[in-house]
Amino acid sequence: VQLQASGGGVVPAWGSLRLSCAVSGRTRNSYAMGWFRQAPGKEREFVAAISRSDGAKHYADSVKGRFTISRDGVKNKVDLQMDSLKPEDTAVYLCAASIAYNIRPERNNYWGQGTLVTVSS
């Protein structure tokens, strides 16, 4: 299983970015998918996810109301629309997928390469 992430970049505060992540390889399975992020000097933290079976959406408190995760009409591709970005959202964003119900806990996750999001103040 491989995950391909795209969409990072530099944006001013209060701007928007859209990240995408697609699974390739074992695409006959469906996956829970979502995003974590890691800022410099900080631990990796959960951002958002869509569950595998029921499509339930989950968000970190820090991004609720600003970020929206969705499946892109294709079973194993998700988008993360990030609005009202803040400088503290600056991080490497990591796409994750799992055949478990959710991408938490992380031990069974497949991981994509990170994509850097930089929000300037």
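No experiment lies behind these values; they were computed from the predicted model shown. Residue numbers count from 1 along this sequence.
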Report the C-alpha distance between W35 and V78 in whole Å, list the side-chain angles of each, state the deciding distance to 0.1 Å, and finish with yes or no for side-chain contact (heavy atoms from CB on, under 4.5 Å).
CA-CA 10 Å; W35 298 87; V78 293; 4.2 Å; yes
Return yes if some donor-acceptor pair links the side-chain N/O of T90 with the main-chain N/O of V119 below 3.5 Å, else return no.
yes
Report yes if the side chains of F46 and R104 come closer than 4.5 Å at any heavy-atom pair, otherwise no.
yes
Residues passing the ring pair (Phe, Tyr, Trp, His ring centres under 6.0 Å) test with Y59, sequence neighbours excluded, are none
Quick check: are there more than 12 heavy atoms from other residues, nucleotides or ligands sitting under 6.0 Å from CG of L116?
yes
Quick one: pull up CD in Q2 and OG in S24 and give me the separation to the nearest 0.5 Å.
4.5 Å
Do W111 and L94 come close enough that some side-chain heavy atom pair is under 4.5 Å?
yes
Check the orientation of Y110 and Y31. Use parallel for under 30°, tilted for 30 to 60°, and perpendicular for over 60°.
perpendicular
Gap separating the OG atom of S16 from the CG atom of D83, nearest 0.5 angstrom
3.5 Å
For a 4.5 angstrom cut-off between non-hydrogen side-chain atoms, does R37 reach V63?
yes
Return yes if some donor-acceptor pair links the side-chain N/O of N102 with the main-chain N/O of S51 below 3.5 Å, else return no.
no
Would you check if L19 and T115 make a side-chain contact, meaning some heavy-atom pair closer than 4.5 Å?
yes
Donor-acceptor pair, R52 side chain versus S30 backbone, under 3.5 Å?
yes
Would you call K86 and D89 a salt bridge, using N to O less than 4.0 angstrom?
no
Euclidean distance, E43 CD relative to F36 CZ, rounded to 0.5 Å:
12.5 Å
Check for a donor-acceptor pair, side chain of K57 on one end and backbone N or O of I69 on the other, with a separation under 3.5 Å.
yes
Using every non-hydrogen atom in the two residues, find where P87 and S121 come nearest and quote the distance to one decimal.
CG-CB, 3.8 Å
How close do C21 and L3 get, heavy atom to heavy atom, and via which atoms?
SG-CD2, 3.9 Å
Quick one: do V47 and L80 satisfy side-chain contact (heavy atoms from CB on, under 4.5 Å)? Show the steps, please.
CA-CA 10 Å; V47 176; L80 183 68; 4.2 Å; yes
Distance, nearest 0.5 Å, that separates SG of C95 from CD of Q4
9.5 Å
By side-chain contact (heavy atoms from CB on, under 4.5 Å), D79 pairs with (sequence neighbours left out) R18, S20, S70, D72, K77
Side-chain heavy atoms of Y93 within contact of Q38, under 4.5 Å
no
Go through the steps for M33 and V23 under the test side-chain contact (heavy atoms from CB on, under 4.5 Å), then give the verdict.
CA-CA 9 Å; M33 295 186 69; V23 173; 3.6 Å; yes
Heavy-atom check, side chain of I99 versus side chain of N108, under 4.5 Å:
no
Do Q113 side-chain atoms and A5 backbone N/O form a donor-acceptor pair below 3.5 Å?
yes
What verdict does the side-chain contact (heavy atoms from CB on, under 4.5 Å) test give for V117 and M82, after you've listed the backbone C-alpha separation in whole Å, the side-chain angles of each residue and the deciding distance to 0.1 Å?
CA-CA 10 Å; V117 172; M82 305 186 294; 3.9 Å; yes
